[in-house]
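In this text, all values refer to a predicted model and were calculated from it rather than measured experimentally.
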Amino acid sequence: MKKDSKIYIAGHRGMVGAAILRKLKEEGYTNFVLRTSTDLDLRNQNDVDSFFKLERPDYVFLAAAKVGGIHANNTFRADFLYDNLMIQNNVIHSSYTHKVKKLLFLGSSCIYPKLAPQPLKEDYLLTGKLEYTNEPYAIAKIAGIKLCENYNKQYGCNFISVMPTNLYGPNDNYDLQNSHVLPALLRKFHEAKEKNLPFVEVWGTGTPKREFLHVDDLADACYFLMQNYDGTEFLNIGTGIDLSIKELVALIQKIVGYTGEVTWNTDQPDGTPRKLMDVQKLSNLGWKYSISLEEGIHKVYTQKFLS
Ligand SMILES: NC(=O)C1=CN([C@@H]2O[C@H](COP(=O)(O)OP(=O)(O)OC[C@H]3O[C@@H](n4cnc5c(N)ncnc54)[C@H](OP(=O)(O)O)[C@@H]3O)[C@@H](O)[C@H]2O)C=CC1
Ligand SMILES: C[C@H]1O[C@H](OP(=O)(O)OP(=O)(O)OC[C@H]2O[C@@H](n3cnc4c(=O)[nH]c(N)nc43)[C@H](O)[C@@H]2O)[C@@H](O)[C@@H](O)C1=O
């Protein structure tokens, strides 16, 4: 990407899109095309094509999607499948039609089979049954990978796909029903401390393990790959380190300084037992994360709740 290249960040107000925008501005890029979902509903094929015809971006970061935690995925199953298929199909097809030089598509670690060997290698895709709670979202993401892969094969496009692990950071979603676990726990423990509540309710059994990457590291990886990777294979992005939800609870409780009790609501699903990313391929290309989980949670907690 040249400094004057025209760059479209789909979903620039979201946690990932905003981090990518911050990173590109830090690197000196200035020529951005940005639209909110009110300006441009990416589910609408004609509107998307008219937008690409008008703006003709050189590069696209596809960070727009319907996103949520385990409860949201398991509740709005049709919306997670329909919205994400429509957004992906429209942006990827119009990027081909209007000759975008390169597109980066954001998938997710949920694409892998529920009980795949750990750590998850890219080759494990489509080798087993998916986790029920986020199957619609996972199928949409897998379709996005395959769309990029086959537009590259048939039409000679340069569309790369990346599979990030669970993310956290500025601009995250803190809604207690629809968010992911890390922001939900930060809010629950902070509010319990402020209100001196006797206990905090956490979902599931606490036994599942999760990996977490700060979104600024993800943005750095996306920039690195947009600049240096023209391969045909999709790539995992993560830290290669995971911990149990129980351990995450203890870490967040310590950082927040909450001394009350924790109760476990096992009516809520655990989801995938583990989804640790094998990040060897990305590491071989020369990229590694830099923000540790404890440091990252401290930063996010201070920014969100203490400033
Ligand atoms: N958060 C995580 O833990 C992970 C996220 N990812 C992936 O990263 C990407 C971004 O996720 P994240 O930043 O967390 O999500 P957010 O929910 O923070 O942001 C999603 C963005 O998508 C936009 N959007 C949603 N629907 C539409 C639509 N119909 N038309 C136009 N824009 C739309 C929203 O725009 P607006 O604000 O204008 O309404 C919003 O800015 C997604 O592809 C997600 O699958 C992958 C792994 C983990
Ligand atoms: C990024 C990833 O994110 C989702 O998958 P997930 O990682 O399972 O989602 P999650 O972060 O919501 O939960 C992780 C674990 O945490 C436990 N948990 C405890 N207490 C709370 C709690 O208060 N909120 C939430 N959300 N979870 C809680 C919860 O029971 C589960 O065991 C999908 O979108 C998937 O498609 C995807 O891509």
Can a side-chain donor-acceptor contact be found between H98 and D49 if the only test is distance below 3.5 angstrom?
yes
If you apply the rule side chain to side chain contact (heavy atoms under 4.5 Å, CB included), what do you find for K188 with V202, and how did you get there?
CA-CA 9 Å; K188 286 182 178 180; V202 178; 5.5 Å; no
Are E295 and K299 ion-paired here, with the side-chain N under 4.0 Å from a carboxylate O?
no
Salt-bridge present (K102, D230; N to O < 4.0 Å)
yes
For the residue pair K66 and F76, would you count it as a cation-pi contact if the rule is NZ or CZ under 6.0 angstrom from the ring centre and within 45 degrees of the ring axis?
yes
Taking E294 for its side chain and L251 for its backbone only, find out whether a donor-acceptor pair lies under 3.5 Å.
no
Backbone N/O of R274 and side chain of Q118: donor-acceptor pair under 3.5 Å
yes
Can you list the other members of the hydrophobic cluster that holds M86, where links are side-chain heavy atoms under 4.5 angstrom apart?
Y82
Could you tell me whether D41 and R43 make a salt bridge, using a distance below 4.0 angstrom between a side-chain N and a carboxylate O?
yes
Look at the side chain of Q88 and the backbone N and O of L85, then say whether any donor-acceptor pair between them is shorter than 3.5 Å.
no
Can you tell me if Y29 and Y223 form a side-chain donor-acceptor pair at under 3.5 Å?
yes
Examine Y168 together with H180 and report whether their ring centres are nearer than 6.0 Å.
no
Within the 3.5 Å criterion, strictly below it, is a donor on S109 or N236 matched to an acceptor on the partner's side chain?
no
N284/Q280 under side-chain hydrogen bond (donor to acceptor under 3.5 Å, both in side chains): CA gap, chis, key distance, verdict:
CA-CA 6 Å; N284 292 344; Q280 195 55 53; 2.8 Å; yes
Set out, in order, the CA-CA distance, both residues' side-chain angles and the distance that settles side-chain hydrogen bond (donor to acceptor under 3.5 Å, both in side chains) for S290 and D217, then state yes or no.
CA-CA 7 Å; S290 63; D217 270 334; 2.9 Å; yes
May I ask you to say whether R210 pairs ionically with D242, meaning some side-chain N is under 4.0 Å from a carboxylate O?
no
Gap between atom CD1 of I160 and atom CG of L104 - 0.5 Å precision:
4.5 Å
Can you check whether Y289 and H214 have ring centres sitting under 6.0 Å from each other?
no
Within the side chain of S94, is there an N or O that forms a donor-acceptor pair under 3.5 Å with the backbone of N90?
yes
Any side-chain donor near an acceptor of the partner, W287 and D220, under 3.5 Å
yes
Using 30° and 60° as the class limits, which term best fits the ring planes of Y151 and Y155: parallel, tilted or perpendicular?
tilted
Taken in chain and number order and not counting sequence neighbours, the residues that satisfy salt bridge (Lys or Arg N to Asp or Glu O under 4.0 Å) with D278 are K121
Tell me whether T36 contacts the main-chain N or O of T38 through its side chain, where contact means a donor paired with an acceptor under 3.5 Å.
yes
How about Y132 and N73: does a side-chain donor come under 3.5 Å of a side-chain acceptor?
no
The criterion is salt bridge (Lys or Arg N to Asp or Glu O under 4.0 Å); which residues satisfy it with R22, sequence neighbours excluded?
D216
Can the ring centres of Y8 and F32 be said to be less than 6.0 Å apart?
no
Donor-acceptor pair, side chain of Q227 and main chain of M1, under 3.5 angstrom:
yes
Inspect the contact between K275 and E131 and indicate whether a charged nitrogen and a carboxylate oxygen are less than 4.0 angstrom apart.
no
